[in-house]
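FYI, side chains are in, hydrogens and waters are out, and symmetry mates aren't considered; it's all heavy atoms of this structure. Model, not experiment: these values are computed from the prediction.
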Amino acid sequence: MAPGHVAYGLGAQYGLTVSPEEVMAWERGDASPTATELTALAGVLWCSPGELLAEPTTLREHRIARGMSAEDLARRTGLDAGAYLKMEESGRWKGNERQSAALAQALGLSLPAFVTATGKEEELAEHLRNAVTTRWQAYVRPLAKLLPVPKQHLEAVLVQLYDEYQSTMVATLSWGGGGGQAANGDAGRTFLAQIVDRFWELARLTGR
């Protein structure tokens with residue numbers, strides 16, 4: 001279908017005023033359709049909204065890929081629809097532990113996908129850095145609030161992550177070579193990336 005045919009279909013079938021130029025901008029990635037336009041576009045092209053999206057990363061993209069309305073997802077997570085939409089638009093999830101677990105289940109999110117979609121990457125990395133360099137016990141509760149994971153499971157993962165890090169520090173005085181890697185700059189970012197990657201690996205190995 002040419003862009004003009006798509007634009008005509010959006011107007012004739014769904015009452016949306018979209019120009020062929022707008023359709024071309026969507027194709028190039030220069031602009032993005034609204035949720036309503038994306039749903040209508042999928043109808044015109046005889047496919048699901050999820051098929052028109054790249055790998056979803058935001059809450060909105062995951063919700064649309066699942067074919068859910070904001071109201072439906074809000075209901076499933078026990079939130080007011082307006083409150084949920086504010087979180088979705090801001091990219092910052094503020095739900096409690098029960099609501100986070102419901103969100104992950106409703107959208108079928110893996111733990112890494114959940115952290116990315118809820119905008120918690122930096123907070124997770126900071127908690128993990130502190131957990132392996134100080135007392136891991138102090139970070140079980142903050143991480144349990146951050147992730148839809150039982151505290152017992154987090155404890156098991158943190159113990160192993162802490163022991164691995166401390167053993168490496170004793171042997172090499174660094175995490176991955178080069179003393180003081182946790183300080184700042186590129187070395188500090190590498191340090192955090194290694195901890196987060198190992199955390200996900202351990203979480204997968206232990207069933208999460």
Side-chain angles (χ1 to χ4, degrees), residues 10-11 13-18 22-23 25-27 29-128 130-131 139-154 157 192 196 199-200 203-204 207-208:
L10 291 171
Q13 297 178 45
Y14 297 95
L16 298 176
T17 302
V18 176
E22 287 180 273
V23 175
W26 295 344
E27 292 179 347
D30 295 336
S32 299
T34 65
T36 300
E37 290 169 340
L38 182 64
T39 301
L41 182 62
V44 170
L45 298 178
W46 289 68
C47 65
S48 69
E51 292 179 83
L52 298 178
L53 295 171
E55 186 67 25
T57 56
T58 66
L59 282 178
R60 174 179 177 270
E61 290 172 353
H62 280 288
R63 175 176 62 76
I64 292 174
R66 289 272 170 172
M68 298 173 62
S69 68
E71 291 75 14
D72 186 25
L73 184 55
R75 179 181 56 78
R76 294 193 187 193
T77 55
L79 286 165
D80 172 76
Y84 169 77
L85 279 171
K86 286 182 180 179
M87 295 183 203
E88 183 178 278
E89 291 166 1
S90 69
R92 296 292 297 174
W93 173 253
K94 298 180 180 179
N96 58 33
E97 294 176 41
R98 180 185 59 78
Q99 292 165 337
S100 294
L103 178 74
Q105 182 176 16
L107 296 179
L109 299 175
S110 65
L111 281 179
F114 175 86
V115 170
T116 299
T118 55
K120 304 290 188 179
E121 297 101 321
E122 291 185 9
E123 190 175 351
L124 172 68
E126 185 63 17
H127 283 329
L128 291 177
N130 291 330
Y139 293 91
V140 174
R141 186 173 181 81
L143 284 168
K145 290 183 177 180
L146 192 68
L147 301 169
V149 177
K151 290 180 182 178
Q152 298 90 330
H153 180 79
L154 280 173
V157 174
L192 288 177
V196 174
F199 176 78
W200 293 136
R204 287 193 298 271
R208 295 299 300 181

message: Counting C-beta onward and ignoring hydrogens, is there a side-chain heavy-atom pair between Leu79 and Met87 closer than 4.5 Å?
response: yes

query: Is there a side-chain contact between Glu37 and Leu10, using heavy atoms and a 4.5 Å cut-off?
result: no

- request: Would you check if Arg63 and Tyr84 make a side-chain contact, meaning some heavy-atom pair closer than 4.5 Å?
  value: yes

query: Taking C-beta and beyond as the side chain, do Tyr14 and Thr36 meet within less than 4.5 Å on heavy atoms?
result: no

task: Measure from the side-chain N and O atoms of Glu61 to the backbone N and O of Thr57, and report whether any donor-acceptor pair falls under 3.5 Å.
output: yes

task: Only pairs at least two apart or in different chains count here, so list each salt bridge (Lys or Arg N to Asp or Glu O under 4.0 Å) that has a residue in residues 93-117.
output: none

- request: Drop me the distance from Tyr139's OH to Asn130's CG, to the nearest 0.5 angstrom.
  value: 3.5 Å

message: Restricting to non-hydrogen atoms, name the atom on Ala117 and the atom on His62 that form the minimum distance, rounded to 0.1 Å.
response: CB-CD2, 3.9 Å

- prompt: Which atoms form the tightest heavy-atom contact between Pro33 and Arg60, and what is the distance?
  reply: O-NH2, 3.2 Å

field: Separation between CZ of Arg75 and CG of Asp80, rounded to the nearest 0.5 Å
entry: 14.0 Å

Taking distance alone, no hydrogens or angles, what donor-acceptor pairs closer than 3.5 Å link side-chain atoms of residues 99-109 to residues at least two apart or in another chain?
unit_1, atom_1, unit_2, atom_2, d
Gln99, OE1, Asn96, N, 2.9
Ser100, OG, Trp93, NE1, 2.8
Ser100, OG, Asn96, O, 3.0

message: Contact between Trp26 and Leu41 at the side-chain level, heavy atoms closer than 4.5 Å - yes or no?
response: yes

message: How close do Leu85 and Ala70 get, counting heavy atoms only, and between which atoms?
response: CD2-CB, 3.5 Å

message: To check you understand the geometry: which heavy-atom pair defines the closest contact between Leu154 and Leu143, and what is its length?
response: CD1-C, 3.7 Å

message: Checking side-chain contact (heavy atoms from CB on, under 4.5 Å) between Leu124 and each of Thr118, Leu111, Leu147, Thr116, which is the one that passes?
response: Leu147

- request: With the side chain counted from C-beta on, respond yes when Phe114 and Leu146 share a heavy-atom pair under 4.5 Å apart, and no when they do not.
  value: no

- request: Can you measure from NZ (Lys120) to CD (Glu126) and round to the nearest 0.5 angstrom?
  value: 14.5 Å

